[in-house]
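Both backbone and side-chain heavy atoms feed into the values below; hydrogens, waters and symmetry mates do not. As the structure is a prediction and not an experimental result, all values here were calculated from the model. By convention in this document, chain letters (A, B, ...) are assigned in the order of the sequence lines, proteins followed by strands, and residues within each chain are numbered from 1.
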Amino acid sequence: MLFGCKRVTLNASRFLNLSSFPCLHHMIGSFSHTLSIVTTTNTDDVEMHTNGTRFLIFMRYLCRSGQVKNFDEALDLFQRMGRMKPFPSVKDFTLLLGVIVRLRHYTAAISLVKHMYSSLGIEPDTITLNIVINCLCRLKLISFGFSVLGTMFKLGLEPTVMTLTTLINGFCVQGDVSQAVVLADHMEKMGYPLDVYTYGVLVNGLCKTGDTLVAVRWLRKMEERNWKPNVVVYSSVMDGLCKDGLVYEALNLFSEMNGKGVLPNLVTYTCLIQGLCNFGRWKEVGCLLDEMTKMGMMPDLQTLNILVDSFCKEGKVMQAKSVIGFMIIMGEVPDVFTYNSLIHVYCLQNQMNKAMRVFNFMVSGGCLPDIVVFTSLIHGWCKNKNINKAMYLLEEMGKMGFVPDVVTWTTLIGGFCEAGRPLAAKELFFNMHKHGQVPNIQTCSVMVDGLCKGNFLSEAVALVEAMEKSNLDLNIVIYTILLDGICSAGKLNAAWELFSSLPAKGLQINIYTYTIMIKGFCKQGLLDKAEDLLMNMEENGCLPNNCTYNVFVQGLLTKKEIARSIKYLTIMRDNGFSVDAATTKMIINYLSTNKGDSEIQEFLFPKR
DNA sequence: GTAGGGTTAG
């Protein structure tokens with residue numbers, strides 16, 4: 001096919017006038033290696049001319065029926081269209097561009113628009129530029145999206161509601177929903193009324209950033225304005241509710257949607273199924289699966305992957321495997337998500353041989369691993385204390401062209417800590433920026449935890465102080481980790497000082513923070529202080545949980561405070577909390593050395 | 001011909 005052809009490398013930055021933005025320039029530059037348009041210099045022009053109409057009809061059919069499954073096929077169609085004389089209309093090109101966007105080849109789509117303009121002389125119209133804006137937004141380059149909006153004006157093209165909705169979505173994709181809302185307000189004032197899509201974009205953006213309740217308000221707002229929310233808006237909100245653990249509310253909204261005559265689709269069911277899976281509500285999952293199949297919908301690969309992953313997360317590997325079996329019977333091919341769920345559970349169970357077997361199986365079956373799979377395996381080998389294997393995989397993924405991201409580095413840092421090498425972890429922490437990755441708050445938390453557990457408390461404190469000085473937004477988690485370190489080192493005064501300073505930092509003390517502080521007091525035998533804090537929790541609306549009570553009872557038992565232990569064991573029993581293994585062991589130990597103690601005997605084995 | 005919803009890792 002390449003015979004008699006010349007390769008033309010595309011450069012989108014020329015069209016978009018982005019040369020002043022090195023990051024995009026670099027990105028598109030590196031992409032050019034893979035994207036070269038092949039144009040003919042001879043052969044089948046005549047044939048194409050005569051068959052042109054038939055070819056275009058065929059091309060439209062392929063695009064509309066979703067039969068263009070990969071980028072190479074789409075590119076081939078594009079090349080054929082570029083060889084036609086006269087060129088097909090801009091409409092035909094945008095139809096194909098839409099397919100390329102759906103295949104998520106955003107950079108390529110931008111390059112192709114540029115090629116259409118500079119090499120083929122096809123002027124872009126509003127719709128073509130909407131596609132370019134969407135691609136830039138998907139690449140989280142919204143400011144370039146606005147540059148294209150400027151280009152649109154310069155060309156005398158009027159943006160549409162769709163253009164602006166795409167930009168609103170761009171803000172949402174970047175996680176900047178407040179800006180999205182501002183733009184939506186602005187849009188209305190400019191005489192562009194929001195439509196169902198705009199509302200859908202906003203509602204989804206809000207759900208994705210965890211503002212589900214605000215999303216619900218928007219849903220109600222659109223109803224007040226006489227817009228009928230459709231299945232996409234409802235499903236977005238249901239997904240948000242499920243992800244917040246509000247499955248009951250999601251199911252209510254599902255009934256409400258049905259009541260209003262809006263039919264659920266596969267995505268709606270998938271959101272609910274996942275919500276129920278997260279709480280192990282398998283029976284209801286089964287009911288929903290039955291219901292959807294009765295409505296003629298079969299679960300697809302994504303839905304089944306959710307089942308596989310949920311079973312894996314519960315450690316039910318057998319069930320996960322049977323879902324995979326069902327998947328294959330259904331004609332679906334397990335993908336990188338499916339395999340990763342299995343690999344991950346084996347890694348967590350320290351069954352690295354099995355994890356590697358799955359990995360080799362997927363690779364030999366032609367399923368390309370991704371950065372997530374490599375990160376899971378690196379985590380597994382680290383847990384297994386086999387740093388060499390972890391480093392080997394890091395190298396392997398590099399050879400395959402994957403650049404470790406912040407999650408990979410965090411995993412590795414945590415892994416080195418778990419393997420008892422906190423100083424090596426620190427080295428990675430301070431050098432990861434050389435590999436183009438900047439630690440985030442979670443990386444910092446893992447590092448602080450590693451330093452604390454590795455008895456480098458002063459370094460952990462210094463790291464947190466350095467983060468405070470650099471105005472990083474530190475959260476309660478990182479302070480709770482540090483508090484645990486300070487308590488474990490027995491420095492109760494310093495711990496209490498830190499604990500007391502947290503509200504002034506604007507942080508909400510949570511159940512973990514309280515429990516760690518209580519444990520710290522218990523460890524020093526300061527039981528009254530621990531008890532005061534336990535009482536204080538309830539007053540502050542943070543109810544103690546299983547772990548809090550067990551920690552306190554263990555403190556009491558250590559000091560042989562039997563009467564008080566029984567008091568709290570009774571509270572636990574009355575409130576449905578269970579005594580954990582460590583507490584049980586202490587009770588048994590106490591009994592075996594204090595056989596004559598009737599108090600605890602009476603509590604454990606009351607006479608009827 | 002273009003815009004919105006569902007799956008994995010620390």
Side-chain angles (χ1 to χ4, degrees), chain A residues 60 63-64 88-99 101-102 109 124-135 137-138 160-170 172-173 195-205 207-208 230-240 242-243 265-275 277 299-310 312-313 335-345 347-348 370-380 382 405-415 418 440 442-443 445-446 449:
Chain A
R60 288 173 199 146
C63 289
R64 289 181 184 133
S89 67
V90 67
K91 242 179 167 179
D92 280 319
F93 277 106
T94 45
L95 178 63
L96 182 58
L97 284 167
V99 171
V101 172
R102 277 191 288 281
D125 62 4
T126 306
I127 296 178
T128 325
L129 293 182
N130 282 350
I131 291 180
V132 174
I133 292 175
N134 185 29
C135 291
C137 287
R138 296 291 180 158
T160 60
V161 171
M162 238 188 232
T163 317
L164 297 171
T165 303
T166 307
L167 284 165
I168 290 174
N169 190 45
C172 293
V173 167
D195 67 8
V196 183
Y197 267 87
T198 326
Y199 283 109
V201 165
L202 286 171
V203 164
N204 180 48
C207 290
K208 286 283 172 342
N230 61 15
V231 64
V232 175
V233 180
Y234 279 116
S235 303
S236 294
V237 177
M238 277 182 236
D239 188 50
C242 285
K243 298 242 156 73
N265 61 19
L266 181 57
V267 177
T268 323
Y269 279 108
T270 305
C271 296
L272 292 174
I273 286 171
Q274 181 165 39
C277 279
D300 67 359
L301 183 60
Q302 196 164 333
T303 317
L304 295 173
N305 275 344
I306 288 168
L307 297 176
V308 171
D309 193 54
S310 302
C312 285
K313 283 209 171 98
D335 68 357
V336 65
F337 282 86
T338 327
Y339 290 118
N340 188 51
S341 296
L342 266 186
I343 288 173
H344 188 228
V345 66
C347 287
L348 286 184
D370 64 5
I371 188 164
V372 179
V373 172
F374 277 111
T375 305
S376 293
L377 285 167
I378 287 173
H379 184 214
C382 286
D405 68 1
V406 62
V407 179
T408 319
W409 285 107
T410 307
T411 304
L412 211 51
I413 288 165
E418 268 185 82
N440 62 18
Q442 290 191 53
T443 324
S445 306
V446 168
D449 193 42

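- A donor atom on one side chain and an acceptor atom on the other are found under 3.5 Å apart for A:Thr163 and A:Thr160.
- Per the geometry, CG belonging to A:Asn169 stands 13 Å off C1' belonging to B:dT2, to the nearest Å.
- Side chain A:Thr303 to base B:dG6: a donor-acceptor pair is found below 3.5 Å.
- For the pair A:Asp239/A:Ser235, no side-chain contact is recorded, criterion being any heavy-atom separation below 4.5 Å from C-beta on.
- For A:Leu95, counting side-chain heavy atoms from C-beta on, the closest listed nucleotide (B:dG6, B:dG1, B:dA3) is B:dG1.
- Contacts of A:Val201 with the nucleic acid, taken as non-hydrogen atoms under 4.0 Å apart, involve only primed sugar atoms and P, OP1 or OP2.
- Of the candidate nucleotides B:dG6, B:dG1, B:dT7, B:dT7 has the atom nearest to the side chain of A:Asn305.
- At a cut-off of 3.5 Å, with distance as the only test, no side-chain donor of A:Thr166 or A:Asn134 sits close to an acceptor on the other residue.
- The side chain of A:Asp300 approaches B:dG6 more closely than any other nucleotide in the set B:dG6, B:dG10, B:dA3.
- The CG-P distance, from A:Leu301 to B:dT7, rounds to 13 Å in whole Å.
- One interatomic measurement links the two molecules: CG of A:Leu202 to C1' of B:dG5, which rounds to 14 Å at whole-angstrom precision.
- Distances were taken from every side-chain heavy atom of A:Val406 (C-beta onward) to each of B:dA9, B:dA3, B:dG10; the shortest belongs to B:dG10.
- Using a 4.0 Å heavy-atom criterion, one finds that A:Thr128 contacts the bases of the nucleic acid, with or without backbone contacts as well.
- Nearest nucleotide to the side chain of A:Phe337, out of B:dG1, B:dT8, B:dG10: B:dT8.
- Counting any heavy atom pair closer than 4.0 Å across all strands shown, A:Val237 reaches no nucleic acid atom.
- Considering only the side chain of A:Asp309, B:dT8 comes nearest among B:dA3, B:dT8, B:dG6.
- A:His344 places a side-chain heavy atom less than 4.5 Å from the side chain of A:Ser376.
- Evaluated for a side chain to side chain contact (heavy atoms under 4.5 Å, CB included) with A:Cys137, the options A:Val132, A:Leu167, A:Asn169 yield exactly one hit, A:Leu167.
- For A:Val232, taking side-chain heavy atoms from C-beta onward, the closest of the listed nucleotides B:dA9, B:dG10, B:dG5 is B:dG5.
- B:dG6 atom P lies 8 Å from atom CD of A:Gln302, rounded to whole Å.
- The base of B:dG6 lies outside donor-acceptor range of the side chain of A:Gln274, with no N or O pair under 3.5 Å.
- At a cut-off of 3.5 Å, with distance as the only test, no side-chain donor of A:Thr94 or A:Thr128 sits close to an acceptor on the other residue.
- As judged by a 4.0 angstrom heavy-atom cut-off over every strand, A:Thr166 is placed among residues touching the sugar-phosphate backbone only.
- The CG-C1' distance, from A:Leu97 to B:dA3, rounds to 15 Å in whole Å.
- Using a 4.0 Å heavy-atom distance criterion, A:Val161 is classed as making no nucleic acid contact.
- The shortest distance between side-chain heavy atoms of A:Leu95 and A:Arg64 falls below 4.5 Å.
- Closest to the side chain of A:Thr94, from the set B:dT2, B:dG5, B:dG1, is B:dG1.
- A:Val231 comes within contact range of at least one nucleobase, with a heavy-atom separation under 4.0 Å.
- Side chain of A:Asn265, nearest nucleotide from B:dA9, B:dG5, B:dT7: B:dG5.
- Taking 3.5 Å as the limit, the base of B:dG10 and the side chain of A:Thr411 contain no donor-acceptor pair of atoms between them.
- At a threshold of 4.0 angstrom between heavy atoms, the contacts of A:Leu304 with the nucleic acid are absent.
- Using a 4.0 Å heavy-atom criterion, one finds that A:Asn230 contacts the bases of the nucleic acid, with or without backbone contacts as well.
- Looking at A:Ser236, its side chain has no donor and acceptor atom pair within 3.5 Å of the base of B:dG5.
- Residue contacts for A:Asp449: at a heavy-atom cut-off of 4.0 Å it reaches no nucleic acid atom on any strand shown.
- Look at A:Lys313 and you'll find a side-chain N or O under 4.0 angstrom from OP1 or OP2 of B:dA9.
- Under 4.0 angstrom from either OP1 or OP2 of B:dA9 there lies no side-chain N or O belonging to A:Asn340.
- Taking atom CG of A:Leu266 as the reference point, atom P of B:dT7 lies 12 Å away to the nearest angstrom.
- Across all strands shown, A:Thr268 has heavy atoms under 4.0 Å from base atoms, whether or not it also approaches the sugar-phosphate.
- Within 4.0 Å (heavy atoms only), A:Val101 reaches no atom of the nucleic acid at all.
- Computed from coordinates, the A:Leu377 CG to B:dG10 P distance equals 13 Å when rounded to whole Å.
- Taking atom NZ of A:Lys243 as the reference point, atom P of B:dG6 lies 6 Å away to the nearest angstrom.
- Side-chain contact between A:Lys243 and A:Gln274 is present, with heavy atoms from C-beta onward closer than 4.5 Å.
- Comparing atom distances between the A:Arg64 side chain and each of B:dA3, B:dG1, B:dG5 picks out B:dG1 as nearest.
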